[in-house]
Amino acid sequence: MLEIIKKVKTVFSNHDDFFIETEIVNDITLYFIGFSTILDVPKSKMYVQQMAASSPTISALFSTIGREVNVDINKINKAVLAGNLVLVSENGQWNAIVDPIAQPLNRSLKEPKNESPIQASMDAFGENIQINIGIIRQRLNTERLCLCSYQVGELEKRNISMLYVAGKAPTSLIEQVERHIKRIDSDIETMDDLNKYFGHRKISPVSHFFATELPIQAIHALKENRVVLFLDHYPFAIIFPHLLRDMVSSANDRNFPFVLAAMLRVFRAIGAIVTLILPALYVSLVSVNPEAFKTDLALFVLKSREGIPLSAFLETITMVILVDLILEAIVRLPKTVGPAVTMVGGIILGQAMVEARLVSNLLVIVITVVVVASSAIIGMQNSLYIRMLKYPILILSSIFGILGLCIGLILTVIYLASLTSNDIPYTTFQIKEEDTT
Amino acid sequence: MTQRLQIGATFIIMYLSFGYLIYPNQIYLLTNTAHWEAVICLGLLQLFLIWIYVKGLNYFPKHDIIDILSQIGRWMVFVLLIPYVINLIALVAVNVRLHTVLINKIFLPRTPYWPILFLLMSISTYTAIKGIGTIMRCSIFFFCMVVPIAIFNILSSVVNFDLHNISPVITPTSNFLLDMRFYYLLGFSSFLYLGFMISKQRTFRPLFFAWISVVLFLLSVVYIPLFIFGQETAVMLPHPFVESMDSIDISWFFFNRQTIFFGIAVIGLVTFTNSLMLWMAGRILQKMWKNQIKKLTQWIVFSSILALTLSLLIPNKSMIDDCFYWGIRVHTFSVIFIPFTIFIYGFFRKKRRMRNEK
């Protein structure tokens with residue numbers, strides 16, 4: 001056996017799906033090397049046979065179908081790992097890396113699963129990074145759209161691609177992103193692994209990135225002087241930097257007239273604020289500052305809490321946690337069981353707890369409003385962190401009442417205002433265009 | 001554009017914070033009639049000082065006042081800024097204590113004052129540590145939180161107005177111009193923070209608009225108690241504006257008292273103002289001792305601990321008002337001397353340069 005074949009075989013000796021097969025093509029014996037799980041072996045063989053039929057010599061065949069011809073052993077190993085087919089001639093004089101017929105491992109373009117745009121194009125990004133970039137290229141066909149690709153990771157090499165519009169995204173931003181990506185020296189499995197390399201936000205609930213499934217959103221971000229990253233096998237465009245505005249405004253809004261879009265955005269903002277303060281407001285008005293209400297309103301509130309053994313804070317925190325549990329359970333469970341949990345949860349929350357006089361009617365209303373309001377925010381991540389930030393405010397207001405609520409809200413705002421990604425504040429409204437003059 | 005908005009918002013918030021508690025009392029003490037004259041004269045004086053200050057600062061683009069004063073000489077920094085820092089820390093202490101008493105009265109009458117003091121102080125320190133960028137970005141939020149409430153308070157107080165209470169409106173007097181106390185009221189201005197913003201060109205125009213709204217606000221703060229109680233009663237009240245808010249009862253509103261809203265505005269005002277003052281104190285201290293490399297954070301924490309201790313030392317309510325007024329009086333000197341020093345130095349430096357170029 002040839003030296004080169006032996007070497008490749010030893011490298012992949014522990015891989016049962018690795019194959020080296022000999023095949024006679026045009027009276028010449030060729031070695032076919034690759035992974036049977038990634039490439040469709042019979043179809044790939046047929047492809048080589050067909051190409052060989054029209055090529056008179058072996059050199060002609062290799063140069064026609066090979067992406068790279070006569071490469072060294074390291075490159076062969078890499079190509080095999082990347083899912084390519086490697087051809088080696090019998091005498092070892094010729095070898096070629098061939099783009100094979102691949103196994104259909106990627107799902108085709110489908111409708112967005114995490115976002116539901118209304119009155120908008122219904123395609124979404126998929127797992128294949130090339131297709132994702134293709135989608136953007138197709139819709140933003142300008143020579144100013146630039147693409148930089150990197151391979152990062154320690155154990156596995158993952159492809160990261162950075163897209164930006166030259167002359168729009170600030171050069172400093174592009175340089176910084178490039179520097180951050182080049183600094184990566186461990187495996188990138190999740191968004192948070194990537195987040196770690198983009199600045200000090202280890203325990204922050206707010207990520208540097210905003211992930212979106214919708215091409216229109218990604219393109220809008222590019223036009224707004226931001227940078228879009230793609231990670232292979234990750235069906236989202238990662239928009240950098242993430243801004244507070246992303247919580248309330250989406251590119252799709254503008255498919256409606258301006259006034260309607262503005263209304264939608266105002267509602268989302270109200271949703272965020274209500275999620276933050278409503279449970280805290282309930283606790284502070286019921287337990288610490290009942291005198292703030294008008295007398296008849298105060299009496300009504302007191303009546304609804306008559307005979308309830310739990311304190312207002314305990315009552316509220318129990319319900320808030322319960323609701324968050326149910327929301328998580330619905331996401332986690334298979335679609336067939338999900339409705340059952342929703343129903344049981346609904347009965348517990350809506351009826352049983354009130355009838356058992358564990359919580360007040362008013363609180364059930366408050367909690368329902370909070371759940372609805374927190375769902376109005378764009379992006380699951382945003383919704384989650386707003387849901388998280390309501391807890392500190394709740395605790396503060398259980399101690400200090402309305403004062404605690406105000407302080408909690410102020411604290412939240414100060415915290416959000418203090419966040420920056422590469423000197424671009426999280427609370428900014430727009431990123432300055434690169435000055436080309 | 002954004003920065004201008006932030007500077008304007010900060011300007012208004014700082015003035016509101018100083019303006020509504022002690023300021024009306026001082027105006028009532030100055031004159032019995034035509035209070036608007038005093039307010040507007042004071043406003044014009046302030047506007048002149050702001051103009052001088054901005055003009056002076058514009059001689060030194062990309063420098064803050066500490067850099068500028070240290071160009072004159074290190075002694076200048078010590079003479080002008082050390083008293084200013086001490087004054088700032090004292091003002092923070094008295095300001096937070098004054099507002100703590102008020103907040104205590106409005107929201108938590110049964111709670112001792114010190115937990116509230118700690119809470120307010122810690123949040124101001126946290127904001128100050130986050131730096132001027134964060135403070136300026138927050139200013140818009142605080143503006144949106146405070147100003148609508150203030151306007152609502154002012155408009156809702158109309159229900160209790162009695163026009164006879166303020167007459168005679170037009171009896172021009174200029175007696176107050178001879179009164180030293182009138183000039184001490186300049187201490188209520190808080191535009192010195194402009195010198196800490198580093199920018200190429202500081203513009204006067206947004207400040208002018210902010211100034212107009214501030215004068216309108218101060219007029220309303222002075223006149224609302226007058227409209228409701230009249231001069232003789234208003235003079236006797238410790239905090240006339242708060243008392244007038246307390247007197248309002250709107251039947252269709254779900255809150256029992258207007259003061260609740262007023263209290264919310266106060267929380268925003270006091271945290272913001274204190275954080276900016278703490279940051280300024282920390283910044284001056286950090287830049288003054290450059291060779292001892294200490295972080296800004298440490299200086300801010302040091303200042304805030306000092307302020308907290310000071311505020312805990314003030315024994316009673318009447319002392320707080322007195323201390324606040326004395327703090328404001330001392331502040332007057334900084335408000336007058338710092339802008340003039342910078343303007344005169346900048347003017348002569350420019351002249352010298354032009355002569356050298358010739």
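All values derive from a computational prediction rather than experimental measurement. Chain letters run A, B, ... following the sequence lines, proteins first and then strands; every chain starts at 1.
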Chain A contact via [X] - which portion, at a heavy-atom distance below 4.5 Å:
X         : value
Met145(B) : side chain
Asp249(B) : side chain
Phe142(B) : side chain

Under 4.5 Å between any side-chain heavy atoms of [X] and [Y], yes or no?
X         : Y         : answer
Ile264(B) : Leu405(A) : no
Leu119(B) : Leu396(A) : yes
Arg137(B) : Thr420(A) : yes

Nearest 0.5 Å, what's the [atom1]-[atom2] distance between [X] and [Y]?
X         : Y         : atom1 : atom2 : result
Phe141(B) : Leu409(A) : CZ    : CG    : 4.5 Å
Leu120(B) : Phe400(A) : CG    : CZ    : 9.0 Å
Ile103(B) : Cys406(A) : CD1   : SG    : 9.0 Å
Leu403(A) : Ile267(B) : CG    : CD1   : 4.5 Å
Leu411(A) : Thr271(B) : CG    : OG1   : 10.5 Å
Ile414(A) : Ser275(B) : CD1   : OG    : 6.5 Å

Segment of Phe429(A) engaging chain B (4.5 angstrom heavy-atom cut-off): neither

Toward chain B, the part of Leu285(A) with a non-hydrogen atom under 4.5 Å: side chain

CG (Asp423(A)) with more than 12 external heavy atoms under 6.0 Å: no

Lys287(B) atom NZ: more than 12 heavy-atom contacts under 6.0 Å: yes

Donor-acceptor contact below 3.5 Å, side chain Asn289(A) vs main chain Phe107(B): yes

Where Ala292(A) and Ile260(B) come nearest, the two heavy atoms and their spacing: CB-CD1, 3.5 Å

Heavy-atom pair of closest approach, residues Ile106(B) and Glu291(A): O-OE2, 4.4 Å

Among Thr259(B), Ile135(B), Ile123(B), Ile116(B), residue most engaged with chain A (heavy-atom pairs, under 4.5 Å): Ile123(B)

Among Leu297(A), Thr427(A), Ile402(A), Thr428(A), residue most engaged with chain B (heavy-atom pairs, under 4.5 Å): Ile402(A)

